[in-house]
K.L.:
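Below is one structure. I have some questions about it.
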Protein chains: 2
Amino acid sequence: MPRKVRTREGGRREAIASAAARLFREKGFSGTGMRDLAGSVGIEAASLYNHIDSKAALLRDICFRIADACNAHLRELEAAPGLDSLGQLEAIVRFHVRLWIERLDEVLVATNEFRSLEEPWLEHFLQERRMYMRRIEAILSQGIQEGSIRPLEPYGVVLTLMSAVRGIEFWHRSRKHVSAASLESTMVELIVDGIRNSQG
Amino acid sequence: MPRKVRTREGGRREAIASAAARLFREKGFSGTGMRDLAGSVGIEAASLYNHIDSKAALLRDICFRIADACNAHLRELEAAPGLDSLGQLEAIVRFHVRLWIERLDEVLVATNEFRSLEEPWLEHFLQERRMYMRRIEAILSQGIQEGSIRPLEPYGVVLTLMSAVRGIEFWHRSRKHVSAASLESTMVELIVDGIRNSQG
DNA sequence: CCTACCGATCGGTAGG
DNA sequence: CCTACCGATCGGTAGG
């Protein structure tokens with residue numbers, strides 16, 4: 001029942017959340033005022049609090065929505081049959097490329113502004129990120145053991161994999177020359193061929 | 001003459017600049033208060049202004065010191081004889097890796113907080129960065145033409161090259177497992193082998 | 001959803 | 001290098 005009644009309010013809440021993601025990305029969390037945010041959805045600052053709990057809650061929602069999306073994708077992948085380590089890593093890189101292309105605002109806030117999270121949320125977020133990186137490192141180590149992946153130091157490779165896609169931030173401003181599909185295939189080829197063992 | 005007399009003051013100024021880099025990195029430019037900064041060098045906020053012009057000037061100095069270092073390195077490289085395109089790109093990647101390892105605070109501030117620069121400095125900074133990327137893209141294009149570099153879309157490759165090293169940010173917190181030398185060689189091998197044309 | 005307003009904190013200045 | 005202080009802005013609340 002409540003679904004129909006609150007349709008309008010739900011729309012407003014989403015508008016606030018997505019304006020917050022854009023502003024937090026552009027000006028940072030502490031550089032964004034509630035009056036900026038209110039203005040960008042056409043109401044007064046005080047009126048925001050009919051839809052949201054606090055500025056901190058907006059940041060929390062963005063960070064954990066992204067963390068959840070990454071974890072869900074990795075869980076699916078680990079359960080999927082018929083993919084070897086290299087195939088799994090390619091899928092992870094491709095997922096990240098698409099996340100950065102399609103949801104830049106949220107991803108950048110989760111990447112750059114998470115430090116403004118309050119405890120215990122900050123610790124929780126950092127722990128999830130550590131675990132995520134360890135799971136990818138484990139896939140790498142297995143691929144190295146099996147011989148499908150070059151015998152490089154796995155931690156350094158994970159760091160490189162996960163940060164390489166951050167260049168997409170620049171692409172968003174100057175999307176003149178290159179299509180999303182071209183960018184995706186360039187990055188995936190470059191990274192995946194970098195880790196593939198061509199000796200094998 | 002003034003060199004000797006102002007030795008102490010010069011030391012204080014440097015202490016403020018380096019504390020500012022660390023705080024701007026940790027808490028962001030707008031998240032850092034002048035009272036935080038003053039406290040971290042052991043004086044009152046008002047006393048800072050005997051040594052610096054403004055908060056904005058501290059940010060400006062950090063951003064352009066890093067931009068200047070990158071431009072100077074690239075200028076040397078372009079003038080150096082006997083390096084082919086692939087060798088030049090390896091040198092660029094290695095330079096970036098070392099910059100991120102040795103001067104993390106400043107590099108991260110220049111990378112993440114430059115948006116808080118005021119005009120005309122912001123525009124100036126963005127222009128320098130655009131030009132820097134174009135010069136690297138030109139080296140890549142030439143390498144592709146010569147056959148030493150894989151025929152990938154050059155703009156996407158530049159984005160990937162320049163962002164891949166950002167993983168070093170994580171390494172700084174957990175420098176337990178891996179040495180700086182190992183990290184450097186992992187990243188350089190991964191990236192350089194990713195762009196090398198193994199067909200040739 | 002608004003007006004009116006809270007105490008806290010901001011970057012920076014005056015004056016010594 | 002300090003105390004004292006400026007006007008502006010911060011996130012958020014009261015009350016309707």
Side-chain angles (χ1 to χ4, degrees), chain A residues 2 5-63 109 113-119 121-122, chain B residues 2 5-63 109 113-119 121-122:
Chain A
V5 176
R6 294 190 183 161
T7 296
R8 277 170 171 278
E9 180 179 311
R12 182 71 93 176
R13 192 194 306 262
E14 283 162 35
I16 293 170
S18 101
R22 204 189 65 247
L23 287 170
F24 291 170
R25 165 172 77 91
E26 287 171 356
K27 312 169 60 149
F29 177 73
S30 45
T32 301
M34 297 309 271
R35 287 154 185 86
D36 294 331
L37 178 57
S40 85
V41 295
I43 59 179
E44 293 299 318
S47 306
L48 287 171
Y49 294 90
N50 291 304
H51 304 286
I52 63 162
D53 287 339
S54 66
K55 191 188 180 190
L58 285 169
L59 178 63
R60 231 156 41 213
D61 287 349
I62 294 168
C63 290
V109 170
E113 306 298 326
F114 72 87
R115 64 186 168 196
S116 297
L117 251 20
E118 292 160 349
E119 298 294 2
W121 306 102
L122 176 58
Chain B
V5 176
R6 295 192 183 158
T7 296
R8 277 170 170 279
E9 180 179 311
R12 183 71 94 176
R13 195 195 304 266
E14 282 162 35
I16 293 170
S18 101
R22 203 187 66 246
L23 286 170
F24 291 171
R25 165 172 76 92
E26 286 171 357
K27 313 169 59 152
F29 177 74
S30 46
T32 299
M34 296 310 271
R35 286 153 185 86
D36 294 331
L37 178 57
S40 85
V41 295
I43 58 177
E44 293 299 317
S47 306
L48 287 171
Y49 295 90
N50 292 305
H51 305 286
I52 63 163
D53 287 340
S54 65
K55 190 187 181 191
L58 286 168
L59 178 64
R60 232 156 41 213
D61 287 348
I62 295 167
C63 290
V109 170
E113 306 298 327
F114 72 87
R115 65 185 167 196
S116 297
L117 252 19
E118 291 159 349
E119 298 295 1
W121 307 100
L122 176 58

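Each chain gets a letter, A, B and so on, in the order its sequence line appears, and its residues count up from 1.
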K.L.:
Send over the distance from A:L48 CG to D:dG12 P, rounded to a whole Å.
P.N.:
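Checked: the CG to P distance equals 10 Å.
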K.L.:
Could you report the tightest heavy-atom contact between B:A20 and B:I62, atom names first, then the distance?
P.N.:
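Scanning both residues, the minimum pair turns out to be C-CD1, 4.5 Å.
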K.L.:
Which atom names give the shortest non-hydrogen contact between A:L122 and A:R115, and what distance separates them?
P.N.:
CD1-CA, 4.3 Å
K.L.:
Is there a side-chain contact (heavy atoms from CB on, under 4.5 Å) between A:T32 and A:E113? Walk through the geometry before answering.
P.N.:
CA-CA 12 Å; A:T32 301; A:E113 306 298 326; over 6 Å; no
K.L.:
Send over the distance from A:N50 CG to D:dG12 P, rounded to a whole Å.
P.N.:
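Rounded to the whole Å, the gap is 14 Å.
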K.L.:
How long is the line joining NZ of A:K55 and C1' of D:dC10, in whole Å?
P.N.:
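Atom-to-atom, A:K55 to D:dC10, this comes out as 8 Å.
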K.L.:
Which nucleotide in the set D:dG11, C:dC1, C:dC2 lies at the smallest distance from any side-chain heavy atom of A:A46?
P.N.:
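Minimum distance to the A:A46 side chain belongs to C:dC2.
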K.L.:
How many whole angstroms separate atom CD1 of B:I52 from atom P of C:dG11?
P.N.:
10 Å
K.L.:
What does D:dG16 pair with, Watson-Crick or G-U, if both distances are under 3.5 Å?
P.N.:
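Paired with C:dC1.
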K.L.:
Look through every strand shown and name the nucleotide pairing with D:dG11 as Watson-Crick or G-U wobble, where both distances are under 3.5 Å.
P.N.:
C:dC6
K.L.:
Heavy atoms within less than 4.0 Å of DNA chain C: which residues of residues 17-44 of chain A have one? Give them sorted by number.
P.N.:
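Those residues whose heavy atoms fall under 4.0 Å from DNA chain C, taken from residues 17-44 of chain A in numerical order, are A:I43, A:E44.
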K.L.:
Test side-chain contact (heavy atoms from CB on, under 4.5 Å) on B:R12 and B:I43 and set out the steps.
P.N.:
CA-CA 11 Å; B:R12 183 71 94 176; B:I43 58 177; 4.0 Å; yes
K.L.:
To the nearest Å, give me how far apart CG (B:L59) and P (C:dG11) are.
P.N.:
13 Å
K.L.:
Just the rounded figure in Å: distance from P of C:dT3 to OH of A:Y49.
P.N.:
17 Å
K.L.:
More than 12 foreign heavy atoms under 6.0 Å from CD of A:E118: is that the case here?
P.N.:
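No, the 6.0 Å shell around CD holds no more than 12 heavy atoms from other groups.
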K.L.:
Under the criterion side-chain contact (heavy atoms from CB on, under 4.5 Å), I'd like the reasoning laid out for A:L37 against A:L58: C-alpha separation, chi angles, the key distance, then a yes or no.
P.N.:
CA-CA 11 Å; A:L37 178 57; A:L58 285 169; 3.6 Å; yes
K.L.:
Find the distance A:E118:CD to D:dG11:P and express it as a whole number of Å.
P.N.:
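Taking CD of A:E118 and P of D:dG11, I get 13 Å after rounding.
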K.L.:
Exactly one of A:F114, A:F29, A:W121 should register a side chain to side chain contact (heavy atoms under 4.5 Å, CB included) with A:L59. Which one does?
P.N.:
A:F29
K.L.:
Between C:dC1, C:dG12, C:dT13, spot the one nearest the side chain of A:H51, thanks.
P.N.:
C:dC1
